[in-house]
Amino acid sequence: ASMVEKALSPLEEIFFELIRAGLHGRKPDIPQDLSLKDWGGLLSLAKKQSVMGLLYRGVSFCGEGYPLPEPVLFRLVAEDDRVERTGAKLKQASEDLSARLSSAGLHPILLKGATVAEYYPVPLQREYGDIDLYLPPEEFDKVPEVLGVPFTTAPDGSIHYSWQEV
């Protein structure tokens with residue numbers, strides 16, 4: 001099977017440059033004359049891809065002289081605050097959940113969001129909305145009793161629990 005490559009739009013190129021700058025802690029090479037509409041597109045892409053924290057970090061490396069429109073700055077600061085508050089809540093819930101299950105003799109392994117966040121320059125800027133765990137299949141039935149909450153089975157066969165409003 002062959003893969004058709006699609007060229008990135010100029011806005012997508014700028015988006016990825018800002019994300020790379022955020023990840024690598026360096027000044028992004030982006031135009032100084034971005035319009036409010038361009039910034040709206042960048043914010044929309046970041047929201048859609050759940051990388052608002054990284055976009056904020058990339059923009060923060062532009063430097064004081066960069067002509068960032070005030071409404072964009074306010075939105076980035078507000079979104080970064082939201083991402084970090086949510087991340088802190090999920091990190092704490094992940095730690096509590098893992099400790100609770102482990103203390104009951106179970107063997108949870110954290111996957112995806114919480115684990116990947118540790119590789120970010122600012123871990124709380126990693127956006128994720130839930131806690132993904134792996135447990136050996138023979139331990140599934142013990143979780144409702146340990147946590148005191150029931151589980152549901154999703155159409156894909158995965159098992160879902162609600163823990164500390166997460």
Side-chain angles (χ1 to χ4, degrees), residues 1-95 97-98 108-135 152-166:
S2 68
M3 215 167 110
V4 177
E5 285 191 35
K6 179 186 166 221
L8 296 176
S9 72
L11 194 65
E12 290 169 328
E13 293 282 357
I14 293 166
F15 172 73
F16 284 113
E17 173 62 12
L18 284 164
I19 298 303
R20 284 190 295 269
L23 281 170
H24 300 292
R26 63 167 175 76
K27 184 175 181 172
D29 182 16
I30 62 170
Q32 298 250 338
D33 61 350
L34 293 174
S35 70
L36 208 47
K37 182 180 177 190
D38 292 333
W39 281 107
L42 292 167
L43 291 168
S44 178
L45 280 169
K47 187 82 166 167
K48 181 178 178 186
Q49 297 300 323
S50 298
V51 291
M52 194 64 83
L54 283 176
L55 183 73
Y56 173 78
R57 185 170 156 79
V59 168
S60 74
F61 286 110
C62 285
E64 280 188 41
Y66 188 83
L68 184 67
E70 226 174 55
V72 174
L73 175 61
F74 293 153
R75 170 98 187 272
L76 281 169
V77 169
E79 289 288 343
D80 184 61
D81 180 62
R82 176 193 58 79
V83 168
E84 289 196 14
R85 279 186 289 110
T86 302
K89 178 181 175 182
L90 285 164
K91 181 177 179 0
Q92 186 62 56
S94 298
E95 291 169 358
L97 178 62
S98 188
I109 298 172
L110 280 171
L111 305 171
K112 299 179 355 181
T115 305
V116 172
E118 296 306 314
Y119 293 97
Y120 274 56
V122 179
L124 291 180
Q125 287 181 329
R126 167 63 161 97
E127 286 187 70
Y128 58 104
D130 61 7
I131 302 168
D132 296 294
L133 291 177
Y134 168 81
L135 285 164
T152 58
T153 303
D156 67 1
S158 61
I159 296 173
H160 296 243
Y161 301 90
S162 181
W163 172 253
Q164 296 182 358
E165 300 176 22
V166 176

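Just so we're clear, the structure is a prediction, and the values are computed from it rather than from any experiment.
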Original post:
For the side chain of Gln125 and the backbone of Tyr120, is there at least one donor-acceptor N/O pair under 3.5 Å apart?
Top reply: no
Subject >> For Lys91 against Tyr128, the heavy-atom pair lying closest together >> reply: N-OH, 3.7 Å
Original post:
Between Leu133 and Leu111, what is the shortest heavy-atom contact and its length?
Top reply: C-CD1, 4.0 Å
Subject >> Pairwise side-chain contact, Asp130 with Lys112, heavy-atom cut-off 4.5 Å (strictly under) >> reply: no
**OP:** Check whether any side-chain N or O of Ser44 sits under 3.5 Å from a backbone N or O of Gly40 as a donor-acceptor pair, and report yes or no.
**Re:** no
Subject >> Spatial distance of atom CD (Glu127) from atom CD (Glu84) [nearest 0.5 Å] >> reply: 10.5 Å
Original post:
Taking side chain as C-beta onward, heavy atoms only, is Ile30 less than 4.5 Å from Tyr66?
Top reply: yes
Subject >> Donor-acceptor contact present, side-chain Asp81 to main-chain Ala78, <3.5 Å >> reply: no
**OP:** Locate the shortest heavy-atom distance separating His160 from Ala154; write the atom from each residue and the value.
**Re:** NE2-CB, 3.3 Å
Subject >> Shortest non-hydrogen contact from Asp156 toward Ser158 >> reply: OD1-OG, 2.6 Å
Original post:
Side chains of Leu76 and Leu43: does their closest heavy-atom pair fall under 4.5 Å?
Top reply: yes
Subject >> Sub-4.5 Å side-chain heavy-atom contact between Trp39 and Val59 >> reply: yes
Subject >> Nearest atoms (heavy-atom pairs only) where Pro121 meets Leu23 >> reply: CG-O, 3.2 Å
Subject >> Whether over 12 other heavy atoms sit under 6.0 Å from Glu70 CD >> reply: no
Original post:
How long is the span from the CD1 atom in Ile14 to the CD1 atom in Ile19, to the nearest 0.5 Å?
Top reply: 12.5 Å
Original post:
Any ion pair linking Glu17 and Arg26 (charged N to carboxylate O, less than 4.0 Å)?
Top reply: yes
**OP:** Taking all non-hydrogen atoms of both residues into account, name the closest pair between Glu79 and Met52 and its distance.
**Re:** CB-CG, 3.2 Å
Subject >> Partner of Leu18 under side chain to side chain contact (heavy atoms under 4.5 Å, CB included), chosen from Leu45, Leu42, Val51 >> reply: Leu42
**OP:** Mark yes or no for whether Thr86, through its side chain, and Arg82, through its backbone, hold a donor-acceptor pair below 3.5 Å.
**Re:** yes
**OP:** Kindly compute the distance separating CD (Glu13) from CG (Leu11), expressed to the nearest 0.5 Å.
**Re:** 10.0 Å
Subject >> Atom pair NZ (Lys47) and CG (Leu55), whose distance is rounded to the nearest 0.5 Å >> reply: 12.0 Å
Original post:
When rounded to the nearest 0.5 angstrom, what is the spacing between CG in Leu97 and CG in Leu110?
Top reply: 7.5 Å
Original post:
Between atom NZ of Lys6 and atom CD of Glu12, what is the distance when rounded to the nearest 0.5 Å?
Top reply: 5.0 Å
